Amino acid sequence: MANKFSKAWRRADIEIQEDKTIEAGYGAPAKVLGLAWDPDKDIIFFGFRKLINILTNGCSTKRFIFQILGHIFDPIELLGLFIIRLKILLQELWAVEIDWDDKLPFSLDCKWQLWCSELKHLNSIEIPKY
């Protein structure tokens, strides 16, 4: 089914981009509203493999948390409840006047580590496109 769409879109001169970095197990994904779409199952899903790789190489600083927040694209706010926790953490960092490259205090670092550990579970969310 994905190939039929791709061929039809190419005939109509519609530019398509397939993201080869999306999680294994899905068909050839396309992008819908900036999100990954599996046309065979007609679902929208989140592929956070790149973001998880960035997290493994990062550190616990305010600058890094802002960078992570900037990598999350959620145009229709499906992840709002998850992202708001990160924004609240950033507010707490401003309140305790942490510099950009200072390590987080223990209590805030625990919240950050918990958020990071939960990110991998978002890969299992599938939303019917209809």
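Values below: every heavy atom of this structure, side chains too, minus hydrogens, waters and symmetry copies. All residue numbers in this chain count up from 1 along the given sequence. Nothing here was measured: the structure is a model prediction, and the numbers come from that model.
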Open item on the list: Determine whether Ile72 and Phe82 satisfy the following criterion, side chain to side chain contact (heavy atoms under 4.5 Å, CB included), listing intermediate values before the conclusion.
Closed with: CA-CA 11 Å; Ile72 299 172; Phe82 185 70; 5.6 Å; no
Open item on the list: Assess the residue pair Phe48 and Leu79 against the criterion (side chain to side chain contact (heavy atoms under 4.5 Å, CB included)); give the C-alpha distance rounded to whole Å, side-chain angles, the decisive distance to 0.1 Å, and a yes or no.
Closed with: CA-CA 12 Å; Phe48 286 113; Leu79 301 175; 3.5 Å; yes
- [ ] For side chain to side chain donor-acceptor pair (under 3.5 Å), just list the numbers for Glu92 and Ser107, CA-CA rounded to whole Å, side-chain angles, deciding distance to a tenth of an Å, and then say yes or no.
- [x] CA-CA 11 Å; Glu92 292 173 354; Ser107 62; over 6 Å; no
Open item on the list: Determine whether Leu114 and Arg85 satisfy the following criterion, side chain to side chain contact (heavy atoms under 4.5 Å, CB included), listing intermediate values before the conclusion.
Closed with: CA-CA 10 Å; Leu114 177 63; Arg85 291 177 41 222; 4.1 Å; yes
- [ ] Just do the side chain to side chain contact (heavy atoms under 4.5 Å, CB included) check on Lys120 and Ile52 with the steps written out, would you?
- [x] CA-CA 7 Å; Lys120 65 181 176 234; Ile52 291 169; 3.8 Å; yes
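Leu51 and Ile84 fall into different hydrophobic clusters, where Ile, Leu, Val, Met, Phe, Trp and Tyr are joined by side-chain heavy atoms under 4.5 Å apart, directly or via other members. Criterion: ILVMFWY side-chain heavy atoms under 4.5 Å apart, direct or through other members. Under it, Ile98 and Phe106 are not part of a common hydrophobic cluster. Hydrophobic cluster membership is shared by Trp94 and Leu86, with clusters built from Ile, Leu, Val, Met, Phe, Trp and Tyr side chains linked at under 4.5 angstrom.
Within the 4.5 Å cutoff, the side chain of Ile127 has no heavy atoms near those of the Ile43 side chain. Counting heavy atoms from C-beta outward, Pro128 and Asp42 have side chains that stay 4.5 Å or more apart. Residues Ile65 and Leu104 meet the side-chain proximity criterion, which asks for heavy atoms closer than 4.5 Å. Looking at Trp115 and Ile68, their side chains come closer than 4.5 Å, going by heavy atoms from C-beta outward. For the pair His71/Ile54, a side-chain contact is recorded, criterion being any heavy-atom separation below 4.5 Å from C-beta on. Inter-residue side-chain proximity for Glu126 and Asp38 is flagged as unmet; no heavy-atom pair is nearer than 4.5 Å. Side chains of Leu69 and Lys87 form a contact here, defined as non-hydrogen atoms less than 4.5 Å apart.
Aromatic rings from Trp37 and Phe45 are positioned such that their centres are separated by 6.0 Å or more.
When all heavy atoms of Lys111 and Leu89 are compared, the pair lying nearest together is CB-CD1, 4.3 Å. Taking each heavy atom of Leu55 and Cys116 in turn, the nearest pair found is CD2-SG, 3.7 Å. In terms of heavy atoms, Trp112 sits closest to Ser60 at CD1-OG, 3.4 Å.
Rounded to the nearest 0.5 Å, atoms CG (Leu108) and CG (Leu90) are 10.0 Å apart. To the nearest 0.5 Å, atoms CG (Asp102) and CZ (Arg63) are separated by 10.5 Å. Atoms CG and CD1, from Leu78 and Ile125 in turn, are 8.5 Å apart once rounded to the nearest 0.5 Å.
For the 3.5 Å distance criterion, the side chains of Thr61 and Asp101 fail to qualify, holding no donor opposite an acceptor.
Put simply, the side chain of Lys62 never gets that close to the backbone of Asp99: no donor and acceptor are under 3.5 Å apart.
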